[in-house]
Amino acid sequence: MFSNKYDLVFMTYTIRILRYNPQSDTEPYYREYQVEAAPHERILDVLVRIQSDHDSTLALRKSCGHGVCGSDAMLINGENRLACSTLVRDIKGTLIRVEPLPGAPVKRDLVLDTDRFWDKYQAVMPYLIPSEPAPDKERLQSPAEHKKIEESTKCILCGACTHACPTTWANATYLGPAALLKAYRFIFDSRDQATGQRIERIASDDGIWRCYTAYNCVEACPKDIDITWHISQLKKAAIRM
Ligand code: FES
């Protein structure tokens, strides 16, 4: 343990990362790095330090660094989290285990192949489909109408929910929590007119009825969105139709 000129206390942490390069490795393996880190630092800072000071071959995704873009979701000590929103002090002990999100093919190290995730997102038509031509200014919505969809608009599409879902692990074609939440966001938008088409898509064999309310998605969501509740509202809407 030591402190720097700003009196920040640094400690040595063991960062155990699941590495895999499909071009050279036959299977994934763990590699450990001893890294000096302060408790207030983010796991993302630690990973970037490993990349710059210890091992430039480590692959990971990141962009905004502030919990907005959703690109650095990963499994940190067994929980799906954003590396940029998880502090070193959030982890008990000095061993920090970092792995790619489960339930998806790995391109390399912590980088997932996200094609399947985005295909499911596209399947729910994630855009406004109005029946009226565009007005001169914006399409208006009352505060009460917006309130209905407000929570669902906070999704940053990090995939932490979908890759925490046991149904997704067991069934690769299940739309999954993130895509279903996006469907909610438009089905309950007062300005959208494609409810029937979307309900038809999500009430299919790979849609809402495969959600068994495990609540893993709610626990994994870094934005605290109650995704299971939103899926339950979709089920009610489908029954009403
Ligand atoms: Fe953008 Fe973490 S880097 S959400």
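When a ligand or atom number is given, it counts from 1 through the structure's own listing order.
Salt-bridge formation is not detected for the pair Glu99/Arg16: no Lys NZ or Arg NE/NH1/NH2 atom is positioned less than 4.0 Å from an Asp or Glu carboxylate oxygen.
Around atom 1 (Fe) of ligand 1, the protein atoms of type N, O or S found under 2.8 Å away are Cys64 SG, Cys69 SG, listed by chain and number.
Using bins of under 30°, 30° to 60° and over 60° for the plane-to-plane angle, the ring pair Tyr184/Phe188 lands in the parallel bin.
Checked by atom type, the side-chain pair Ser204/Arg201 shows a donor-acceptor distance below 3.5 Å. For the 3.5 Å distance criterion, the side chains of Gln34 and Thr14 qualify, holding a donor opposite an acceptor. Side-chain contact annotation: Gln141 with Asp189, donor-acceptor N/O pair under 3.5 Å present.
Taking the salt bridge (Lys or Arg N to Asp or Glu O under 4.0 Å) definition, one finds that Asp55 meets it with Arg19, Arg31, sequence neighbours left out.
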